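As the structure is a computational prediction, the values presented were derived from the model and not from experiment.
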Amino acid sequence: MRAASWFGKRRARDEHANAQTRTAEARQQVTSEWGEPPRWNERADAWVERITKPRIENDPRVIDAEQEHRAARDALLNRPEHAQTERLVAFARVFGSERVIRNQQAYLTTNPAQQTARARKTAKQAREEAELLRSLTPDEAIERIEQTRAEQAASEAQRVEQEHARLYDFRQEDRGTPGRDGFCLSR
């Protein structure tokens, strides 16, 4: 019995030592491949992030991709300036550099397609109005022209009034907001 129990203990000790050796080898393999193993109270996702982040940041493929991304972003952000410069150069060739330099904003905000569409619409309306005036008697045509001018003047006056009202409202809002010292001028 004693011999059997002694061999049983020896076998258990050997198995325990083998398990400890395998655990140490596994720990060594994980450490050599991934750095330190997870701490006993560390979440798995936190360990993965902590271990992989330095590897990812130092990977030459990631560094190259980040540089390409920065270059593409910078090219995209600088593209409008480059396009504006090219546009101004083209206008300078056509209209003269001095003229373009004096009024750069006007040349940058022009849109030939929109201007053409507006001109076509205006010409079409003018042709229709001329055709209508030709079909009327001279007195009716004069009355129509005066009526059209009055409508245009009323429309312009209304636009100016709305613009003044908008500016006045803006100024009132500006006055109604507290200043640096916290006081308000109106309300």
Side-chain angles (χ1 to χ4, degrees), residues 45 48-50 52-187:
D45 59 338
V48 169
E49 183 177 345
R50 180 174 55 89
T52 58
K53 193 171 186 175
R55 285 182 154 202
I56 290 171
E57 289 175 352
N58 294 329
D59 189 344
R61 295 173 296 184
V62 174
I63 293 170
D64 292 343
E66 285 178 349
Q67 288 173 347
E68 288 177 26
H69 174 260
R70 278 191 217 105
R73 184 192 65 216
D74 292 344
L76 182 65
L77 293 175
N78 294 332
R79 185 173 174 220
E81 293 171 4
H82 183 67
Q84 286 178 351
T85 304
E86 288 178 359
R87 194 169 182 189
L88 286 173
V89 167
F91 281 127
R93 285 186 198 133
V94 174
F95 299 108
S97 59
E98 218 173 280
R99 190 175 193 184
V100 172
I101 288 172
R102 273 187 272 141
N103 199 359
Q104 289 182 13
Q105 196 59 34
Y107 286 100
L108 288 174
T109 57
T110 60
N111 187 335
Q114 285 179 351
Q115 290 175 337
T116 304
R118 262 187 254 123
R120 282 186 183 145
K121 183 178 177 183
T122 304
K124 182 180 176 186
Q125 290 172 346
R127 281 193 293 276
E128 290 172 356
E129 185 69 21
E131 189 64 36
L132 178 67
L133 289 174
R134 282 189 203 109
S135 68
L136 299 174
T137 63
D139 291 335
E140 291 173 334
I142 291 171
E143 186 178 323
R144 169 80 179 172
I145 291 170
E146 288 173 354
Q147 182 183 9
T148 304
R149 285 183 181 168
E151 288 172 359
Q152 288 174 345
S155 173
E156 180 63 22
Q158 184 180 9
R159 187 192 65 77
V160 169
E161 185 178 315
Q162 288 174 346
E163 182 68 20
H164 284 294
R166 187 181 62 81
L167 287 173
Y168 180 75
D169 289 344
F170 177 73
R171 289 183 187 135
Q172 286 297 75
E173 287 176 14
D174 192 35
R175 282 190 191 154
T177 57
R180 273 190 246 177
D181 54 1
F183 294 106
C184 191
L185 296 175
S186 64
R187 293 190 195 192

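Leu133 contributes atom CG, which lies 10.5 Å from atom CD1 of Ile142 (distance to the nearest 0.5 angstrom). Note that CG of Leu88 is 9.0 Å distant from CD1 of Ile101, once rounded to the nearest 0.5 Å. The distance from the CG atom of Asn58 to the NZ atom of Lys53 is 12.0 Å, given to the nearest 0.5 Å. Atoms NE2 and CG, from His69 and Asp74 in turn, are 9.5 Å apart once rounded to the nearest 0.5 Å.
Within the 4.5 Å cutoff, the side chain of Glu129 has heavy atoms near those of the Arg144 side chain.
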Can you give me every donor-acceptor pair (side chain of residues 116-127, partner residue at least two apart or in another chain, under 3.5 Å) with its distance?
from, atom 1, to, atom 2, distance (Å)
Thr116, OG1, Pro112, O, 2.7
Thr122, OG1, Arg118, O, 2.9

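Within 6.0 Å of the CZ atom in Arg99, the count of heavy atoms belonging to other residues, nucleotides or ligands does not exceed 12. Atom CD of Gln115 has more than 12 neighbouring heavy atoms from other residues, nucleotides or ligands inside a 6.0 Å radius.
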Inset, instruction - Evaluate salt bridge (charged side-chain N to carboxylate O under 4.0 Å, His left out) for Glu146 paired with Arg149, printing each intermediate quantity in order. - result: CA-CA 5 Å; Glu146 288 173 354; Arg149 285 183 181 168; over 6 Å; no
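None of Glu156, Gln162, Glu163, Gln158 except one satisfies the side chain to side chain contact (heavy atoms under 4.5 Å, CB included) rule with Val160; the exception is Glu156.
The two residues Val100 and Phe95 make their nearest non-hydrogen contact at CG2-CB, 4.3 Å.
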